[in-house]
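Data first, discussion second: the structure below is written as structure tokens.
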Amino acid sequence: MDYLQDLVTLRGKISTVRKQGNSIGFVPTMGFLHEGHLSLIRAARAQNDFVVVSIFVNPLQFGKGEDYAEYPRDLENDSRLAAAAGCDLIFSPAVRDFYPPGYATHVEALGSITQGLCGASRPGHFRGVTTVLVKLFNLVTPDRTYFGQKDAQQCLVVKKMLDDLNFNIQFKIMPTVREADGLAMSSRNKFLTPRQRAAAPVLYQSLRQVEALFRGGERNGAVLKDKVHRLITAVPETEIDYIEIVGVDGLKPAEQVEKSCLVALAVKFGSTRLIDNIILEV
Ligand code: AMP
């Protein structure tokens, strides 16, 4: 497996891979890899000749007071895990090379898909995400790219950007990988104290309860949200950022679940903010 930091060297390598007629699968990440990331790498391995994983903690997608500086990093372990999952090349650029002094161009998806949920509580976040990804897609030129359902809003925003900007890249969404107790895997889980970690499965449990109510015929958004709210606020050390039920297409709030909806939540355990979601299929 190759490990490259330099943008020009990456371009050279990609050009060689392309000349040899290989297809390219690409998994963008911020590193500190876990089974969620590895499931994306394995899917890319199964469907492409050459697999690129980027590891880049992108400062543009963190707001003031968020955890950019503290975000966990472990490139050595990541390299080992990525190689074992079938990665051919890790690209991990330095921030000063990726955004050199004077860098001025940003890409932003507007409208309802970026307005609510994490777009509302993390202003500028998705602008940072689309900007880093446009650059990475231009450098890596993948045939297919792999994202996790755990970041459902991100999936929609990136898919929209790919369509709007006419990228010729297949967009693949893989299921959320969970710990045995249901907690969605996340690089941020390592920040949880033992007490918070023991309590955190309440997120998925509450989503499952909503699913059960929905299957039982409940369609009222407020009633479904209230269920999640009550279960989570009963747990000490939790602070709800949002619990929303939105249509899966435009992410607009749904008062009644009459078409397929996303139930999405963001909850803080102390200073650690976790997100999770499920889809209610109609
Ligand atoms: P991150 O490193 O958190 O930016 O995530 C990189 C990619 O891995 C994104 O497409 C995420 O949606 C995906 N991912 C993160 N956690 C999980 C998980 N638990 N299951 C599946 N995919 C995940």
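Index from 1, following the sequence. Both ligands and their constituent atoms are indexed starting at 1 by order of listing.
- Relative orientation of the Y99 and F56 rings is tilted, given thresholds of 30° and 60° on the angle between their planes.
- Salt-bridge check for E211 with R215: passed, with a basic side-chain N closer than 4.0 Å to an acidic carboxylate O.
- Checked against a 6.0 Å centroid threshold, the rings of Y146 and F26 do not count as neighbours.
- Taking the six-membered ring for Trp and thresholds of 30 and 60 degrees, H37 and H34 have ring planes inclined between 30 and 60 degrees apart.
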Identify the protein atoms, limited to N or O, that lie within less than 3.5 Å of an N or O atom of ligand 1, and list each pair with its distance to 0.1 Å.
from: ligand 1; atom 1: 2 (O); to: M30; atom 2: N; distance (Å): 2.9
from: ligand 1; atom 1: 2 (O); to: H37; atom 2: NE2; distance (Å): 2.8
from: ligand 1; atom 1: 5 (O); to: H37; atom 2: NE2; distance (Å): 3.4
from: ligand 1; atom 1: 10 (O); to: G148; atom 2: N; distance (Å): 3.0
from: ligand 1; atom 1: 12 (O); to: G148; atom 2: N; distance (Å): 3.1
from: ligand 1; atom 1: 12 (O); to: G148; atom 2: O; distance (Å): 3.2
from: ligand 1; atom 1: 12 (O); to: D151; atom 2: OD1; distance (Å): 2.7
from: ligand 1; atom 1: 16 (N); to: M185; atom 2: O; distance (Å): 3.4
from: ligand 1; atom 1: 19 (N); to: V177; atom 2: O; distance (Å): 2.9
from: ligand 1; atom 1: 19 (N); to: M185; atom 2: N; distance (Å): 3.4
from: ligand 1; atom 1: 19 (N); to: M185; atom 2: O; distance (Å): 2.9
from: ligand 1; atom 1: 20 (N); to: V177; atom 2: N; distance (Å): 2.8

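- The pair R178-D276 counts as a salt bridge, with a side-chain nitrogen and a carboxylate oxygen less than 4.0 angstrom apart.
- Counting only residues at least two apart or on different chains, the salt bridge (charged side-chain N to carboxylate O under 4.0 Å, His left out) pairs with a member in residues 231-257 are R195-E237, K225-E244, D241-R273, D249-K259.
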